[in-house]
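Side-chain atoms are counted along with the backbone in the values below, which use heavy atoms only and exclude waters and symmetry mates. Not measured: the values here are computed from a predicted model. Below, chains carry the letters A, B, ... as their sequence lines are ordered, and counting in each starts from 1.
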Number of protein chains: 2
Amino acid sequence: MLYRQVKRQLINDIQSGFAAPGAALPNEKDLAQRFQVSVGTIRRAVDELVAEHVLLRQQGRGTFVGKLDRERFMFQFFKIVPRDRPSEFPEVRLHKFAKSRATQMEAQALGLHGNQWVFRIENVLHLQGQPVIHDRITIAAAMFPGLNQASFTARTTTIYGHYQAAFGVTIVEADERVRAELVLPDSAQLLNLAMPSPVLRIDRVAHTFDRKPAEFRTSIVDTRNFDYVSRMREMT
Amino acid sequence: MLYRQVKRQLINDIQSGFAAPGAALPNEKDLAQRFQVSVGTIRRAVDELVAEHVLLRQQGRGTFVGKLDRERFMFQFFKIVPRDRPSEFPEVRLHKFAKSRATQMEAQALGLHGNQWVFRIENVLHLQGQPVIHDRITIAAAMFPGLNQASFTARTTTIYGHYQAAFGVTIVEADERVRAELVLPDSAQLLNLAMPSPVLRIDRVAHTFDRKPAEFRTSIVDTRNFDYVSRMREMT
DNA sequence: AAGTGGTCTAGACCACTTG
DNA sequence: AAGTGGTCTAGACCACTTT
């Protein structure tokens, strides 16, 4: 299980900031020397991290730490697509930003004990010029020290890219539970929906390494013109 | 790209029935000799098929052709789970079985040209004793020659297991599009729902090897007590 | 004890990117 | 031309299952 130890070390390098998002790793021979293992063992460890999109290999160029930019967010974490059109990056408008105590449900989803402080962020996502998604995000204040509305709004990347660049929190996977509901008044107003309308509700827990929960998000989606897409394959 | 050729050969062995579901493959050394490659190349090809759940490796015992039994169906293809309970295998009740001409939408989903014959199968799936899912399945008659209601009903395994055992059609992946709708009268009656009720609608295209479409299925789900779950990771 | 897959090694050669 | 990752080889040794 040498390759497991190598993988763990590489993850540590990323979490500690020693290997920054977008930066190149040493070549495989050098890594092999550093860890005192063969190149094949390095490749096995890197193989897994590439499969998880944590690292990115480019033949002839090198191996790089994955950045949570728009492209990666769209293909890995954004599953709302137009019914008969190509996919599109949403326009995100901040609706609310607050700091308060976690509810019991939030604490459970985020693995907190007691009434820890959390940030609560609400966004309305627009597609093709129309409001389509109402997001409520909850994150533990302890994991994102110093976060505030100004810095959050001033970010130049995706929300997950901001978590990664500003707080060293790399989101690597997410679990979602989806159901159909009648829209509630607050979301109806934000999404310009009549009052009984069916909407999709998505509860997502996003995790960083070692399946540690980092974000809880509930999305209300108007699916008159958009679908939630899912591909069933592999599923490790 | 030798390992690609080996993988293709192994898939052919499964599709042709030469390697039957549940049967053991020759050991890695013998495979290496048969294909005139090294064991490492065999391992690489088998690695990928194991990741796709087409093959199953058991240390000390051997490598086996994956069977689409209840366990595999549940963890790979059945994503409707109780909100606060462990998952459960559904009781499937046949509601309709018919042979007719494909609609344009079905023909497109299944990659047919013209008004080919299709089987249309409707099921009601029960969970915890209650009707929860209304399935409409469409499959091309040409891909399932000789299928009839008697043999379909008499199957002793899952529907996908039946495709595999009786017709050599192995489902390996599925694409789904999910949305919220108000239930229509026919589904409302089958699921005992009042008449405006929000339900989940899932359009699924299931594929066999080489992404060849094999089944189109629309599921209407009562999500008052159940969720559609999805895990975002890897996503090759 | 014999047979299976699981891990690791050391090295060769190829394909691609960059200067 | 030099440096990177991608493929393939041949073999050693380990862990597990079965007889």
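Regarding contacts with the backbone of dT7(D), every side-chain N or O of T41(B) stays at 4.0 angstrom or more from both OP1 and OP2. A sub-4.0 Å separation between OP1 or OP2 of dG5(D) and a side-chain N or O of T63(A) is present. Remark: N27(B) is in phosphate contact with dT4(C), judged by side-chain N or O atoms under 4.0 Å from OP1 or OP2. Put simply, R43(A) has no side-chain N or O that comes within less than 4.0 Å of OP1 or OP2 on dG5(D).
A salt bridge links E48(A) with R4(A): at least one charged nitrogen is closer than 4.0 Å to a carboxylate oxygen. By the 4.0 Å N-to-carboxylate-O rule, R201(B) lies too far from D227(A) to be salt-bridged with it. Contact check on R231(A) versus D175(B) returns a salt bridge, with a Lys/Arg side-chain nitrogen under 4.0 Å from an Asp/Glu carboxylate oxygen.
Side chains of Y228(B) and E176(A): a donor-acceptor N/O pair is absent below 3.5 angstrom, by distance only. Between the side chains of T138(A) and E106(A), a donor-acceptor pair is found at a separation under 3.5 Å.
Nucleotide dT9(D) holds its P atom 9 Å from the CD1 atom of I42(B), rounded to whole Å. One atom, CZ of R57(B), and another, P of dG6(C), lie 5 Å apart when rounded to the nearest Å. Summarising the geometry, the separation between NZ on K29(B) and P on dG3(C) is reported as 9 Å, rounded to the nearest angstrom. Taking atom CD of residue Q33(A) and atom P of nucleotide dG3(D), one finds them 15 Å apart after rounding to whole Å. Atom CE in M1(B) sits roughly 10 Å away from atom C1' in dG6(D) (whole-Å rounding).
As judged by a 4.0 angstrom heavy-atom cut-off over every strand, V39(A) is placed among residues making no nucleic acid contact.
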Response to the item:
B/S/- along nucleotides 12-19 of chain D (protein heavy atoms under 4.0 Å) is ---BBSS-
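With H53(A) as reference, F75(A) is the one residue of F75(A), F73(A), F64(A) to meet the ring pair (Phe, Tyr, Trp, His ring centres under 6.0 Å) rule.
The partner of dT17(C), taking Watson-Crick or G-U wobble pairs whose two distances both stay under 3.5 Å, is dA2(D). Remark: dA12(C) base-pairs with dT7(D); criterion is Watson-Crick or G-U wobble with both hydrogen-bond distances under 3.5 Å.
Between V118(A) and I139(A), the closest side-chain pair of non-hydrogen atoms is not below 4.5 Å.
For S38(A), the side-chain atoms get nearest to dA10(C) when compared with the rest of dG5(C), dG5(D), dA10(C).
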